[in-house]
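First the structure, in the form of structure tokens, and then the observations on it.
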Amino acid sequence: MGRTRKHTRRRPRPNPHGILVVHEGSFGFVRTAEGEYFIPESKMAGAFDGDLVEVAPLPARGASGGAHADRPAARVLRVVDRAHDTLVGRYEVAEPFGVVVPEDANIPYDIFTMRADRPDIEDGSLVRVRITTFPSRNTAATGVIEEVLGLADDEHAAVDVVIARHKLETVFSEGALSEARSAVLDEDGALASGYRDLRERFTFTIDPADARD
């Protein structure tokens, strides 16, 4: 009886994954376990700066990397995990839309909202928009306005922009408040444990009344 050859099906090699870093609001790079890839602007597939993406290497003849030809080119196949669900940007009236132009220059996608949903927002306002649909090859990004931070020339709005861009917490969590409520003032115990008593010294702060730190 002749021997039969066993055929084993090879598993397809997984595509590289990495974080997309956009430069100058156009091209980008993705560093993966297989190495770093250059992503042309036309191959972003709607991915944002900071997104975890899956990439597919491009054929060498199609890798027009220019000054970045030392790194292989690739295209974004899909976004595995989004880094942004909200963005801060300048609101521009373009009936019937209110278009949000991101403050972050490395995100080159405008977010379209319906002007009728928030007709009270002034042209040029700084807003925070929640993205409901991310951009694709055939569709623009859409969203809804969550908060108006102020006008672009308002110096106080600049602080709110930083807070919103970096998603900093501005309200204490219930756990923190509960811990604060249960705190006990124990002067004798503090001194016994090595703390110095500076209560007789004159102390002041240079922070203004509206300081946020």
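In this chain, residues are counted from 1 in sequence order.
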- Query: Picking from Ile107, Leu87, Asp110, Ile111, what satisfies side chain to side chain contact (heavy atoms under 4.5 Å, CB included) with Val101?
  - Reply: Asp110
How close do [X] and [Y] get, heavy atom to heavy atom, and via which atoms?
{"X": "Gly50", "Y": "Ala83", "value": "O-CB, 3.3 Å"}
{"X": "Glu34", "Y": "Pro16", "value": "OE1-CB, 3.5 Å"}
{"X": "His17", "Y": "Asn15", "value": "ND1-O, 2.9 Å"}
{"X": "Val100", "Y": "Gly89", "value": "CG1-CA, 3.7 Å"}
{"X": "Ile131", "Y": "His84", "value": "CD1-O, 4.4 Å"}
{"X": "Tyr37", "Y": "Ala73", "value": "CD2-O, 4.2 Å"}

- Message: To the closest 0.5 Å, what do you measure between CD (Glu92) and OG (Ser125)?
- Response: 11.0 Å
- Message: Would you compute the distance between atom CZ of Phe38 and atom CD of Glu36 and round it to the nearest 0.5 angstrom?
- Response: 11.0 Å
- Query: In terms of hydrophobic clusters joined by side-chain contacts under 4.5 Å, are Val144 and Val129 together?
  - Reply: no
Indicate yes or no: at least one non-hydrogen side-chain atom of [X] is less than 4.5 angstrom from one of [Y].
{"X": "Leu126", "Y": "Glu103", "answer": "yes"}
{"X": "Val148", "Y": "Arg128", "answer": "no"}
{"X": "Leu191", "Y": "Asp197", "answer": "yes"}
{"X": "Val53", "Y": "Arg78", "answer": "no"}
{"X": "Ile145", "Y": "Asp117", "answer": "no"}
{"X": "Leu149", "Y": "Glu147", "answer": "yes"}
{"X": "Tyr109", "Y": "Met44", "answer": "yes"}
{"X": "Ile121", "Y": "Val127", "answer": "yes"}

- Item | Contacts of Leu198 that satisfy side-chain contact (heavy atoms from CB on, under 4.5 Å) - sequence neighbours left out | Arg196, Arg201
- Query: Between Arg82 and Phe48, is NZ or CZ placed under 6.0 angstrom from the six-membered ring centre and within 45° of the ring axis?
  - Reply: yes
- Message: Around atom CG of Asp120, are there more than 12 heavy atoms from other residues, nucleotides or ligands closer than 6.0 Å?
- Response: yes
- Using a cut-off of 6.0 Å, state whether more than 12 heavy atoms not belonging to Glu179 lie near its atom CD. no
- Under the side-chain contact (heavy atoms from CB on, under 4.5 Å) criterion, do Val76 and Ile39 qualify, and how do the steps go? CA-CA 8 Å; Val76 174; Ile39 312 296; 4.1 Å; yes
- Is a salt bridge present between Arg199 and Glu187, judged by a nitrogen-to-oxygen distance below 4.0 Å? yes
- Query: Does the pair Glu174/Arg181 count as a salt bridge with the N-to-O cut at 4.0 Å?
  - Reply: yes
- Task: Given side-chain contact (heavy atoms from CB on, under 4.5 Å), test Lys43 with Leu58 step by step and report yes or no.
- Result: CA-CA 10 Å; Lys43 304 298 182 182; Leu58 291 171; 4.3 Å; yes
- Task: Verify side-chain contact (heavy atoms from CB on, under 4.5 Å) between Asp51 and Ile19, making sure each step is shown before the conclusion.
- Result: CA-CA 6 Å; Asp51 287 349; Ile19 301 296; over 6 Å; no
- Task: Any chance you could lay out the side-chain hydrogen bond (donor to acceptor under 3.5 Å, both in side chains) test for Arg115 and Tyr91, step after step, and finish with the verdict?
- Result: CA-CA 10 Å; Arg115 175 69 177 158; Tyr91 185 87; 3.2 Å; yes
Between the side chain of [X] and the main-chain N/O of [Y], is any donor-acceptor distance below 3.5 Å?
{"X": "Asp49", "Y": "Val22", "answer": "yes"}
{"X": "Asp123", "Y": "Val93", "answer": "yes"}
{"X": "Thr139", "Y": "Pro135", "answer": "no"}
{"X": "Asp104", "Y": "Asn106", "answer": "yes"}
{"X": "Thr113", "Y": "Gly98", "answer": "yes"}

- In terms of the angle between their ring planes, are His23 and Phe27 parallel, tilted or perpendicular, with boundaries placed at 30° and 60°? parallel
